[in-house]
There are 2 protein chains.
Amino acid sequence: MEAQIDEILKKNQLSVTGSRKRILELFLMSNGALAHGDIEKKTGEKFDRVTVYRTLQTFLEKGIIHSIPTSDNSVLYALCKDDCTEGHHHDNHVHFICNKCGKTICLADVTVPEIKIPGGFLPQDYQMVVTGLCAECR
Amino acid sequence: MEAQIDEILKKNQLSVTGSRKRILELFLMSNGALAHGDIEKKTGEKFDRVTVYRTLQTFLEKGIIHSIPTSDNSVLYALCKDDCTEGHHHDNHVHFICNKCGKTICLADVTVPEIKIPGGFLPQDYQMVVTGLCAECR
DNA sequence: GACTGACATGCAACTTTGTTGCAAAAAGTT
DNA sequence: AACTTTTTGCAACAAAGTTGCATGTCAGTC
């Protein structure tokens, strides 16, 4: 785990610091998505609010994590797959949000279908969010 | 227009007030989606911030408008089609967000494809957002 | 059209969420 | 170990959203 975290940071030319290690660890442990608030709560008093914001920002820019749009407009982040590179994401799987427990799960095996868009529009990215009940809550 | 607005409000058992009429009018005029901020700006000094929040909340509950998830996590609202009823929305069209001008457009003709979800999950609602360049910006 | 109960609004105060500038601290480099 | 660059924490701020309560407005009834 330690080694994996270091590797990810170094691969992205980021210095290895306490907050980055801790936040990355949180993402690796939870196989769902995390809201900013979750991260703040789980790191407790350890890091400043601002640091969490900036760390997430950095991870986003480097393509380590991606953000997920939700219907209630909270901000969610999840780890990217390996083939995400800086700038452009290949994060074409569907996200599932449970209406009961609120957890967000990446359905890594379900790819977003490419749909037909009316002429005139130039689509660049497709995102799909399914809400409902997860296996534990139904 | 006047008559249409009154009808919508009465159909939903809402009293016809100045703010509701004005905000509903804004939605009817713009055929795209509106952010809370847009509405506040366009109504000017006329209504209190709180009133705008509460009016949108009410419209959401009654199924007059629906919220749209965006990639940058701002809150967007758009008018629902007629077959939206209180509680449950049948808002199964795709939303397009332009990366340049930021406008959100409802692609009313493009329906969200029903995809296969792994067993265990109980899907209730599908939402799809496409980002890219709109006709004017490309 | 005036009366009345129910609902909507405005105000104030507050919480939560996100941002910016800058000095101190820690990381990476030689 | 000394130096440079990056990251962090603090403080102050800005924006976004919420809550309680007194006042005002609406819809229905007489």
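Every chain is numbered from 1 and lettered A, B, ... according to where its sequence line falls, protein lines coming before strand lines.
Nucleic acid contact class of A:Lys46 (heavy atoms, under 4.0 Å, all strands): sugar-phosphate only. In this structure, A:Arg54 reaches the bases: a heavy-atom distance under 4.0 Å links it to at least one base atom across the strands shown.
Checking C:dG28, C:dG18, C:dT9 against every side-chain atom of B:Thr51, the shortest atom distance belongs to C:dT9.
In this structure, A:His66 has its ring center no closer than 6.0 Å to that of A:Tyr77.
Defining each end axis of the helix from C:dG1-D:dC30 to C:dT30-D:dA1 as the rotation carrying four pairs' C1' atoms onto the next four, with five pairs an end, the two axes are found to diverge by 30° to 10 degrees.
The separation between A:Phe47 atom CZ and C:dA26 atom P is 12 Å, rounded to whole Å. Separating the NZ atom of A:Lys21 from the C1' atom of C:dA27 is a distance of 11 Å, rounded to the nearest angstrom. Between the OH atom of B:Tyr53 and the P atom of C:dG10 there is a distance of 15 Å, given to the nearest Å. To the nearest angstrom, P of C:dC7 lies 16 Å from CG of B:Asn12. Residue A:Asp38 contributes atom CG, which lies 11 Å from atom P of C:dT17 at whole-angstrom precision. Here the P atom of nucleotide C:dC14 and the CG atom of B:Asp48 are 17 Å apart, to the nearest Å. Put simply, CD1 on A:Ile5 is 17 Å from C1' on C:dA27, counting in whole angstrom units.
With the nearest nucleotide of DNA chain D identified for both B:Gly18 and B:His36, B:His36 has the one nearer the 5' end. When each of B:Val50 and B:Leu14 is assigned the nucleotide of DNA chain C with its nearest heavy atom, B:Leu14 is the one assigned upstream, toward the 5' end. The residue among B:Ser15 and A:Arg49 whose nearest nucleotide of DNA chain C is located toward the 5' end is B:Ser15.
Side-chain N/O atoms of B:Thr58 include none lying less than 4.0 angstrom from OP1 or OP2 on C:dA8.
Once rounded to the nearest 0.5 Å, the distance linking CZ of B:Phe27 with CD1 of B:Ile64 reads 10.0 Å. Note: A:Arg54 CZ to A:Arg49 CZ = 11.5 Å, rounded to the nearest 0.5 Å. B:Ile115 CD1 to B:Met128 CE: the interatomic distance, rounded to the nearest 0.5 Å, is 8.5 Å.
Looking at B:Lys21 and B:Asp6, their side chains come closer than 4.5 Å, going by heavy atoms from C-beta outward.
Residues A:Tyr126 and B:Val130 share a closest heavy-atom pair of CD2-CG2, 3.7 Å.
Ion pairing between B:Arg22 and B:Glu25 holds under the 4.0 Å rule for side-chain N and carboxylate O.
Where DNA chain D meets chain B (any atom under 4.0 Å from a heavy atom), the bounding nucleotides read 5' to 3' are D:dA16 to D:dA27.
Ring pair A:His36/A:Tyr53 is parallel by interplanar angle, where below 30° counts as parallel and above 60° as perpendicular.
Here the rule is side-chain contact (heavy atoms from CB on, under 4.5 Å) with B:Leu79, and of B:Leu34, B:Ile8, B:Leu24 only B:Leu24 fits it.
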